[in-house]
Each structure stands twice: as C-alpha cells, then as structure tokens.
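A short write-up of the structure that comes next.
In what follows, chains are A, B, ... by sequence order, proteins preceding strands, each numbered from 1.
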Amino acid sequence: MKSILSNIIAKHLEGLGLPQPAEIVLDEPKAKEHGDLSSNVALVLAKAAKQPPPKLAAQLAESLGRETEIFEKIEVKGPGFINFFLKPTAYHASLKSLWQDPNALKKLDLGRGTRVLVEFVSANPTGPMHVGHGRNAVVGDCISRLLEEVGFEVSREFYVNDHGVQIKTLGHSGCHYHTVMTEVRGVEIALPEDVYKGQYLEDLVTELKDRIAPIKHDPLAVGKLLGVELLETIKEELLRLNIVFSRYYSESSLYDGGKIDEALAVLRASGLTYEKEGALWFKTSEYGDDKDRVLIKSDNTYTYLTPDIAYHKDKFDRGYDLYLNVMGADHGGYTQRLKAAVAALGHNPDKLEFLLMQLVNLKRGGEVVNMSKRTGDYVTLHEVIDEVGKDAVRFFFMMRSHNATLDFDLELAKQQSSDNPVFYIQYAHARMSSIFRKAEEAGYPSAEALGEVDLTPLQLEEEITLIKTLLAYPEMLKGAVQFREAHRVAFYLLDLAKTFQNYYTRAKGDDRYRVLTPHRETTLAKLYLVKTLREVFFAQPVHLAIGRGDRRSLPGLSLGSAIREDDLPGRHGAHHGQPARHARVGSARSPHGEGASAAR
RNA sequence: GCGCCCAUAGCUCAGUUGGAUAGAGCAUCAGCCUUCUAAGCUGAGGGUCGCAGGUUCGAAUCCUGCUGGGCGCGCCA
C-alpha cells in the first residue's frame, strides 16, 4: 500500500516539476482524523523547493486529488502534513495482491540467498538447561526462522564444549557419584567442592553404572561418556520446543582435526602474539579490547578462547556472508576478543554479529523463584516446559526485546484466560476456526476452497482496520529481521488477535458484524477476510509462537458445558513430554558459577 | 574506575528507527451474554517519557553530561 502510494506521489511531484526526496515517507497516523496514511514530503522538500511547506502541500494535494479511484479525500493539516483518506476498494485490492498468491510474501526478499550462520544455545553438556538457555534457544530459533522467511539461507549451529576442564570436572563428579552408590552404598560421602552436583547426575550415573565401572580410572573418559548423554537430553529438550540444529559442532573435533594449531599458526604468523611469563598472549587490545588475552597458559593448556577462535576460523573458512552469535549478556566482554580474532585471521569482523540476551527472572505469581547458585538449586527448562507447555514457553521467551531482562511468570504462563497472551492468541484463532466450521455447516466452502471472492462488501471500519493490520505484516517482518527483534512478531500477533476479538465480539450486539450473514456475497467476502487472518497464524515466523496444536477447533465445547482440559487451546504440547529420564532434576551446579543467564 | 545494556501509567512492557493529542495488558472503577466460543468485549480514570542541557520546523526517539539499576572486566569457562 505504501509503495503504491509513494509511486503515485513521486509521479505527481514530477508532474509539478518539483524535486524528489531521497525517500517518500508515509506513516500511519495515530489519530484517525489524520487519515489512513500521512506524508511529510512537503516538510522535507520545503527547502529544496523554496516554498513554505503548507503551500507546497496544498499544491501536491490538489494534483493528487485527481486519483479518484484510490483517494476518498486528501487534506493538508498542521505544519504541512498531507493526510490521505483511502477508499475501501484500495484496501481490498492490496489485501488480495498481498495474500492471494501464497508466494507474494517471498517478494520481500531481503536476504537474496545471503548465507547466514546462526550459532545459539551452545550450552555446556554438563547438566540440564535452565531458563536462560531456553530464552537463548527460542530467540535464536525465531531469528533463524525470520531470516529464512525473508530469503536468507540459514544454518544453525550449537557449539558443544565437549573438551576441557568442564568435561574433566563432569567426569570427576560422575566418579564420585559412582563411588557413593557402588562401593560404599548407604554411607554419606561429602562431595568435593568443585564438582557438579545434582539429582540428574545421580540418575545418569545410576543408569550408566556398568559402563562407568571399567573406565573409572580415567575421569576424562567418564566425563565424555556423561557429556554425550547429557547432550542427548539437551537435544531432546530443544526438540520439544521445535528447535532443530543443522549441526552440533564439537570442540573436541577441533583438537582432533588440528584446527587449533592451524588457527594458532595464523595468529603467530600475523605477529599479533607474544610470549610473556611462560604464556602465549594475543594482542586483542589492538582491536579495541581492554587488554591482551592469553591463548596458551603457562601450564601449556589452552584458555577457553583458543578453541573458540579455531571454531570461528572454521566458520569463516566455510564462507558464510553473516555470522550471528546468540549468547548471554554475561558474555558481553567476550565479543571484542572474538572480533579481534576474526580480524587477525584476515576476515571482516563486521560480518560477525552478536545478539546478547539479558537475564531471565523466573517468577511464580509475581514472586521471584529463587535460583540460588550457592545451594545449587535451579528450575530446569525441562520442568518449565512440563509445567506450562511448549507454546507458552516459546511465546514468553520471544515476547521481550533481547536486550531487556525478562520476567517469566509460571502462573501466568499456564493461566487459561486473556491475562495470558498465549491463551489470548490461541483463543482468537479458535474462534476463527469455529467460524469456518459453522460456515461449512451452512454450506459455504472451506477456507481452502474459498477461491476468488469479491471483497466489495467489506465496508465496516473494523473490517478495514483488520485489513490494515494484515497489510502491516511485511513491514513488521522487515523490522524484526533488520533489527533481529523477534519480539515484534509477538506484539504484532497480539495486536492482530485483539483487533479480531473486538470485531468478533461486536457481532453480539450488531448483526452487521457477523461473518455468517443471510447474504451470500457478503458472507464470502467476510470469510475471505477471516481466512486471511487465519493464514497469518500459520505463517512461519508467526506460528512459531503459537504452535500448530491450536489448529483444531474445539468440538464438544458449548456454553455451560464442562470444559475438558484437552479441549483447551494452549495445553497442547504440554503432555507429550519425554519420558522422565531426567525429569526430577532438582539441583545442579556449576563449579564455575554459571548463572541463570544463557551459557556461552 | 572502565565497557555493554536498561530507565515510559500503581505493576509488566510497546512505541513503525525524528512526526501531529505518548499506547497496550494487568490492577482499579462503570457497563455488556436469546444470535459465528462471555475462557470474551466496551468505556473511564491514571504520565514533568529518570534528571539537566544541546541539535531543528518538530525529540520518548539523535548528541553531551549526571543519577539510579543489571551484566561484564581471570593464565575461569
């Protein structure tokens, strides 16, 4: 709609012999007295045209007024805004051109095949994921889907820290538990300070008891065994959230493949390293870091950074156009180092972009759920999904801007009322489906079979508002992708649902608002509108928020009848949890004080 | 002390990237069920956009300084 209009304006500017602005900006005014769309071209051009804005605006408005098939009226207001009031027909045409062709939205090809590597989650395989990981996972997945939707080619990677001290520590932890349960059964043995603790380890060690026994002399081997298993449970958890990675990139493979030596060789050759006090340093300060960083410690082992540099070298060697790393804000200081490394390796550091996720506060009915690091107690992502369901988890995590802390209220997330945005959206969708069910009973075609429809009967203000909201979809998508802000999708959905609920409810007191009317042509037009609305809920970036579970209508639900839990939208996905292998995870602890934020 | 992030209604947060009278949900108050799901809808009250300057036709938005909060500043990962 905006592009159509700006073309027309450009044409008329030319016709009047006026200069063209860099861009013709059209806004949707907040106040409806200011029309459907409003432009500030006159204010922008005033200087170049050497005319006061109001005069310029009036001139342009008069010329544009001849486009009678589109404009209801054109007004000049304020300091020189031109306000356009559009005819419903203009909206009908736009709606069709945007949504009729299932590929129409693909024209919004911002990516043009640009290859993006999104790295996210990358949780250490030393224990179950917590809500911080959950947020990271959901946002990373949403951004990936958004990028794909607008024509980027996306690979999703999970960097697995399956090598190094945390695996050794995991091994030690496993050995201790093994000792406790096999050799001195029933006797309490205090665990050393710096091992992982938790029910999940006890369960896992019990399960793998026989495989641990023969390798118990080698804690690293035990750690690897446990790590592989824990990674599997992480994968299962991600799968429950409909998150699938293209690749799990093993840190160990960097060692095995000699990639770390390669990376180090390049850095050394670049002259950006030096030896000091028995360690190898990397001059990251030359790239804006606070100080130089150690690559090889004086005990001849690598720091965490070193294999990660090798990983990023490998990423860049694979030749993507953009690298997006989603990580916890507590790793913010790390970004400079990686960028420095990428630059030192001869690549463009601007291609490496970071999405820093702020913390998650888990709440229950407004009260903060204490996740004490000291006692090692935290609520796992598994438990949260069990409690509130997959859809709610996804929606709540994507609902907030990534650079604002997020409150996740367990009580709210599982509430079956409009207080809960997830429920609210699913309820709106259920009503749309219900309309189609009734329509089919009355002999109308199904949504899929609706075909070509004349939209002229859509004249109500609320119907035009609905169409406007639908037409805003591509721009919403564009903004969400450009700024990597998945929460825009959530707010858009909420807005769409609200607009529809309003429309729907008006039918209670006013038959004009009913979709199913005695007039076939009118009904068909309204069905087309509802169908299009419903399609938005199935659009890839949108449906990621609400899942497909709500697609079913709600049979057997009538006023006053008992409501069975299964009939409720919002609960689907909550029941097909994994077998509770690690479901009773009560506590876990990282000796390194890994907090409630997303790891990595 | 330095770096990144945040500060908008009583609470939780949006704000189309500089536009007109700053919005939504919750909470509070007042209404609405013979008709496509009332698990819903409508309306009302509620604001020095943290503070102070600056940029310009115009600032919640951009710049500078300050205040308050979160995170980070290891030869940890």
Does a nitrogen or oxygen in the side chain of A/Asn502 sit under 4.0 Å from OP1 or OP2 of B/C41? no
Kindly say if A/Lys291 contacts the phosphate of B/G74, meaning a side-chain N or O under 4.0 Å from OP1 or OP2. yes
Syn or anti for B/C63, with syn set at within 90° of 0? anti
Expected output check: what is the dot-bracket annotation of RNA chain B, where ( ) and [ ] are pairs inside the strand (brackets for crossing ones), | is paired with another strand, and pairs are Watson-Crick or G-U under 3.5 Å? (((((.(..((((.....[...)))).(((((.......))))).....(((((..]....)))))).)))))....
Would you indicate what A/Glu277 reaches in the nucleic acid, counting non-hydrogen atoms under 4.0 angstrom: base, sugar-phosphate, or nothing? base
Among B/G40, B/A77, B/C75, which nucleotide sits nearest the side chain of A/Tyr334? B/A77
A/Leu494 CG to B/C26 P, in whole Å, measures 10 Å
I want to check one thing: is the phosphate of B/C6, taken as OP1 and OP2, less than 4.0 Å away from some side-chain N or O of A/His402? no
List in chain and number order the residues that pass ring-ring contact (aromatic ring centres under 6.0 Å, His included) with A/Tyr302, two or more places apart in sequence or in another chain; answer none if no residue qualifies. A/Tyr255
Tell me, which of residues 280-289 of chain A have any heavy atom that sits under 4.0 Å from an atom in RNA chain B? A/Trp281
Can you work out whether A/His487 or A/Arg514 has the more 5'-proximal nearest nucleotide on RNA chain B? A/His487
Could you pick out which residue, A/Leu356 or A/Gly509, lies toward the 5' side of RNA chain B when each is mapped onto its nearest nucleotide? A/Leu356
Which of B/A14, B/G15, B/A38 is nearest the side chain of A/Tyr504? It is B/A38
Hey, is A/Lys438 close enough to A/Glu440 for a salt bridge, meaning N to O under 4.0 Å? no
Rounded off to whole Å, could you give me the CZ-to-C1' distance for the A/Arg512 and B/C36 pair? 17 Å
Would you say A/Lys276 places a side-chain N or O within less than 4.0 Å of OP1 or OP2 belonging to B/C75? no
Are the side chains of A/Met327 and A/Thr335 in contact, using a 4.5 Å heavy-atom criterion? yes
Salt bridge or not between A/Glu33 and A/Lys77? Use side-chain N to carboxylate O under 4.0 Å. no
What pair of heavy atoms forms the shortest contact from A/Leu305 to A/Leu338, and how long is it? CD1-CD2, 4.4 Å
Give A/Asp409 one of three labels, base, sugar-phosphate or nothing, depending on what nucleic acid heavy atoms sit under 4.0 Å from its own. nothing
Tell me which nucleotide among B/C41, B/C13, B/A77 gets nearest to the side chain of A/Gln501. B/C41
Closest to the side chain of A/Asp419, out of B/G70, B/C26, B/A77, is B/C26
Within the distance-only criterion (no hydrogens, no angle test), does the side chain of A/Thr301 pair as donor or acceptor with the backbone N or O of A/Lys297 below 3.5 angstrom? no
Please pick, from B/A77, B/A14, B/G70, the nucleotide with the shortest atom-to-atom distance to any side-chain atom of A/Arg400. B/A14
Of the options B/G40, B/C36, B/A77, whose atoms approach the side-chain atoms of A/Arg431 most closely? B/G40
Examine the side chains of A/Arg135 and A/Gln358 and answer whether a donor and an acceptor come within less than 3.5 Å of each other. no
Less than 4.0 angstrom between a side-chain N/O of A/Lys297 and OP1 or OP2 of B/A77, yes or no? yes
A/Leu359 CG to B/G72 C1': how many Å, rounded? 11 Å
May I have the distance from A/Asn403 (atom CG) to B/G72 (atom P), rounded to whole angstrom? 17 Å
Can you list everything that forms a side-chain contact (heavy atoms from CB on, under 4.5 Å) with A/Ala46? Sequence neighbours excluded, please. A/Pro53
Test your reading of the model: is there a side-chain donor-acceptor pair from A/Ser38 to the backbone of A/His34, 3.5 Å cut-off? no
Inter-nucleotide P distance (B/G23, B/G40), Å rounded: 25 Å
Look for any protein N or O under 3.5 Å of an N or O in nucleotides 19-22 of chain B and output each such pair with its distance, or none.
from: B/G19; atom 1: N7; to: A/Asn40; atom 2: ND2; distance (Å): 3.1
from: B/A20; atom 1: OP1; to: A/Lys30; atom 2: NZ; distance (Å): 3.4
from: B/A20; atom 1: OP2; to: A/Lys30; atom 2: NZ; distance (Å): 2.8
from: B/A20; atom 1: N6; to: A/Ser38; atom 2: OG; distance (Å): 2.3
from: B/A20; atom 1: N6; to: A/Asn83; atom 2: OD1; distance (Å): 2.5
from: B/A20; atom 1: N1; to: A/Asn83; atom 2: OD1; distance (Å): 3.3
from: B/A20; atom 1: N1; to: A/Asn83; atom 2: ND2; distance (Å): 3.3
from: B/U21; atom 1: O4; to: A/Glu33; atom 2: OE1; distance (Å): 3.0

A/Tyr248: ring-ring contact (aromatic ring centres under 6.0 Å, His included) partners, not counting sequence neighbours: A/Phe158, A/Phe245
Hey, does the side chain of A/Asn361 reach the backbone of A/Asp407 with a donor-acceptor pair shorter than 3.5 angstrom? no
Between B/A9 and B/C71 - C1' atom distance, rounded Å: 28 Å
When you measure from the side-chain N and O atoms of A/Tyr424 to the phosphate of B/C41, is any distance below 4.0 Å, counting only OP1 and OP2? yes
Output yes when at least one side-chain N/O atom of A/Lys498 is less than 4.0 Å from OP1 or OP2 of B/A24, else no. no
